[in-house]
Amino acid sequence: MKNLRKVSSILLCLTISATMLAACGSSKEDGGSNASGSAEVEGVKKEGFPIVDKPLTLSIMSQDAGVADWNQMPVLKEMEKLTGIKFTYQLAPIDSFETKKNLVFASGDLPDVFYGADLKPADQVTYGTQGVLIPLEKYIDEGYAPNIKKIFDEHPDIRKSFTTPDGHIYALPNIDLSAVWYRSPMWYNGKFLKALKVTELPKTTDELYTLLKRVKDEDPNGNGKADEIPLTSVKLDDLRMYFLGFWGIYDEQVYSDKDGKVHYTPQEEGYKGYLTFLNRLWKDNLLDHETFSQTPEQKKAKGQNNQIALFNDYYPYFTLGGEPSGDNPLMTPVKSEVPGSPVYGKHPGISANGTFAITSNDKAPEATMRWIDYQYGYDGATLFAQGPENLLWKYTNKETHEKEWLPVPGGKERDEFRGTLTPNYGILTPGMNSSELTKGLKTDFDTWIDKENAEKLTPIGKAPFPNVYLTNDEQSEATALLSDLNTYVKQMEAKFVTGQEPLSNWDKYVAQIKKMGGDRIVELYQGAYDRWNSEK
C-alpha cells in the first residue's frame, strides 16, 4: 500500500487502462466541436446543483489502482447525488491502461470521458485535430467551468500551456501550484550521519565524495562488516534528475535555462560532469555495483537492513522502514565546478500530460464540463482528496477551512482507507491541490518536509520546461529521433559510468548524438518554446 501511496504523490509516468465501450467516434473538420452540443440534454445549469434537470448517464474510462469498486465509492456516489450525472465505468489496471487507451483510440469505440488518462501532448494534438477529442475552451469561456476559468485568468501560463498549436484546449491538467518535487528526492540515512558525527551536510561534490568514502571505510552501521553502500540506485532513473542539477541541468532530456535557451541534456558539458562524477564513485565502489541489475524491492531490502547511506524515495521511511520522522534529512543539492550550480528542476505546478478530456461521443459536453469543474474548486477538490466529511475528517472551523482527522474505521492505514473512498488514489487525476485542502490535517512530519523543501530546494528551483506543443509534423519527427536517441543515450550512460566506455571518448559520443539528431531536437523544442513565450 505504501507503493501505491507513493505513486499517487509523484509526478510519475503512469500507464493507461479500460475495457472498451461501444460508441461511435467521428472526425470533424471543425476540430472536434460537438455539433449536437446539449441538444439531447436540456436544462444544463451554469450555476447551482443538480447540474441537469433530468438524470444523465455518461461513460468514463480511467485507470484503476484496484483498491475498491468505483460504483461503491462514497465520493462518486456523492457526486451523482449532487450533480444528477451518473457514470458507467470502463476501468483497467494501471499497468495496462496505456495499451487499452491506444486500442480505444484506434478502434473508435470511445467513452464519453477520459479521466486520469495521462494524455500526452502528442495524444492531444493528434486526436484533437482528428475530432476525436473536442475543444474545451468554448465551454470554459461560456460559463460552464467557472473554477477553471478563474485559475486560467489568474495564471495565464497554465492556459497557454494546455493550448495546442491550432488554438484549442483538448485536455485539462492536474494543478498543484504548491508542489515542489518534480521527481522524488534524495535522502540521507540519519543513523549513518549520527555515527559519523556529521553535523553539516555536504555542499560541494568534493564534500559529498568525502562523506561517501567515510561511509565505505568507517562502518557506520556498526556491525563490524564492510557491507555499507554509500549510494544506491535502480538504473540511475531515480537519482539522475536530482544529480544533474549539481551540474546546472534542470532535466534529463530537454530544459530551458534562465535565459530561455533550450538544451538537449545528453550532449551538454554538464552531462559529462555528471557521468565523470558517477564513474569516479563507481571505480571507488561508492556507487552500488548492483545499480543496473537490482529491482526497487531489492534496493528497499538493503535500506531496511541499514546498509544504505544515500538513496532516492518519496519519503525516507519508505526505504529505511520505521515511522515518519525528521531523522533522515533531505539531501542538500551540492555545487560542482559549473558556475551557478546547483540548480533544482522543480515541479511546474501542472501535470505535463492531460488528465481529463471529452470525446466526440459525449452528447452533453456542457454538463460534463460543469461536473469536472467542481474538482477545480475548493469544495470539490476537498471531496476528491479526502472523501466526504465525517468519514476520515471533519471541520473544526468551516469558515477558515480548518479540519481534523477522525479515527480510521477498522484501524486501517489512513491512506489505504482513503483509496476506498475516492478515485484520487494511485493515479494522477484532474483537479487542483492547495494548502487550503489540508489545513489542520498536516502532521509534524508534513511540516518538517515543508521546511526541508523551503530551505534546500525552493531557493534554487526552476520548472525545467513549460508544457509546450509541437505540431503534428514536428511531433512525428521528434518522436522518431528520440526513439533512437533515448536508446543510445541510456546504453552509453551505463557504459560511461561503469567504465566500459572511457570518458576520453566523450567527443566521439557527442558527434554521434548530433549525427542522430540531437541538435534538431534543440531546434524543434526551441521553436515550440518561442511560440509558447510569444502567446499572451
Side-chain angles (χ1 to χ4, degrees), residues 4 7-8 14-25 41 50-52 54-119 123 127 132-134 171-172 174 353-365 367-376 380-381 383-385 387-388 391 416-431:
L4 278 175
V7 170
S8 67
L14 297 172
T15 46
I16 309 177
S17 72
T19 43
M20 284 175 279
L21 169 70
C24 189
V41 181
I51 290 170
V52 289
K54 295 181 180 179
L56 172 65
T57 299
L58 299 171
S59 58
I60 196 168
M61 179 178 180
S62 185
Q63 310 178 67
D64 184 12
V67 176
D69 179 358
W70 284 35
N71 289 291
Q72 302 304 318
M73 284 184 178
V75 164
L76 296 174
K77 286 185 172 183
E78 181 73 16
M79 281 295 286
E80 180 183 347
K81 179 182 175 183
L82 179 70
T83 65
I85 300 174
K86 176 181 175 62
F87 280 97
T88 58
Y89 304 107
Q90 289 86 48
L91 308 174
I94 291 171
D95 59 6
S96 63
F97 182 62
E98 184 73 27
T99 300
K100 294 292 181 67
K101 178 188 68 174
N102 291 338
L103 286 172
V104 166
F105 277 132
S107 70
D109 290 335
L110 300 168
D112 296 312
V113 169
F114 285 103
Y115 183 92
D118 196 37
L119 292 162
D123 296 331
Y127 299 114
V132 176
L133 304 178
I134 70 168
L172 298 175
N174 175 281
N353 297 331
T355 57
F356 177 88
I358 301 174
T359 76
S360 57
N361 191 63
D362 191 329
K363 298 302 186 290
T368 307
M369 280 302 298
R370 278 288 325 274
W371 184 88
I372 193 61
D373 182 67
Y374 188 60
Q375 297 178 43
Y376 288 86
L383 174 66
F384 274 77
L391 288 180
E416 180 181 351
F417 183 74
R418 190 180 68 83
T420 68
L421 306 179
T422 175
N424 186 5
Y425 180 83
I427 64 174
L428 191 64
T429 56

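In what follows, every heavy atom counts, from backbone to side chain, and hydrogens, waters and symmetry copies are set aside.
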How far does [atom1] of [X] sit from [atom2] of [Y], to the nearest 0.5 angstrom?
X	Y	atom1	atom2	value
Asn361	Leu133	CG	CG	12.0 Å
Met79	Lys86	CE	NZ	13.5 Å
Asn102	Asp123	CG	CG	6.5 Å
Ile427	Asp64	CD1	CG	7.5 Å
Leu421	Lys77	CG	NZ	11.5 Å
Lys81	Leu76	NZ	CG	14.5 Å

Residue pair [X] / [Y], side-chain heavy-atom distance below 4.5 Å:
X	Y	value
Leu383	Pro388	yes
Pro423	Trp70	yes
Asn353	Leu119	no
Asp118	Leu428	no
Phe114	Ile358	no
Thr88	Thr57	yes
Leu91	Ser62	yes
Val104	Leu110	yes

Between Asn174 and Pro430 (side chain of the first, backbone of the second, donor and acceptor by atom type, cut-off under 3.5 Å), is there such a pair?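 No; judged by distance alone, with no hydrogens or angles, the pair does not exist.
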Could you tell me whether the side chain of Arg418 and the main chain of Asn424 form a donor-acceptor pair under 3.5 Å? yes
Parallel, tilted or perpendicular for Phe356 and Tyr115, by the 30°/60° rule? perpendicular
Stepwise, does the side-chain contact (heavy atoms from CB on, under 4.5 Å) test hold for Asp362 with Ile134? CA-CA 9 Å; Asp362 191 329; Ile134 70 168; 5.7 Å; no
Lys100 and Gln90 side chains, donor-acceptor separation under 3.5 Å: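 No, because no side-chain N or O of Gln90 sits under 3.5 Å from a partner of the opposite role on Lys100.
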Do Asp112 and Ser59 have side-chain atoms, one donor and one acceptor, less than 3.5 Å apart?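 Present: a donor and an acceptor within the cut-off.
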Taking every non-hydrogen atom, the tightest pair across [X] and [Y]:
X	Y	result
Gly84	Val52	O-CG2, 3.7 Å
Met61	Pro111	CB-CG, 3.6 Å
Ala171	Gly354	CB-CA, 3.9 Å

Would you say the ring centers of Tyr425 and Phe384 fall short of 6.0 Å from each other? no
Salt-bridge test for Lys101 and Glu98: reply yes if a basic N is under 4.0 Å from a carboxylate O, no otherwise.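 Result for this pair is yes, salt bridge flagged.
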Could you give me the CA-CA distance, side-chain angles and deciding distance for Thr429 and Thr355, then say whether side-chain contact (heavy atoms from CB on, under 4.5 Å) is met? CA-CA 6 Å; Thr429 56; Thr355 57; 5.9 Å; no
So, applying side chain to side chain contact (heavy atoms under 4.5 Å, CB included) with Trp371, which one of Ile51, Leu58, Val113, Leu56 is it? Ile51
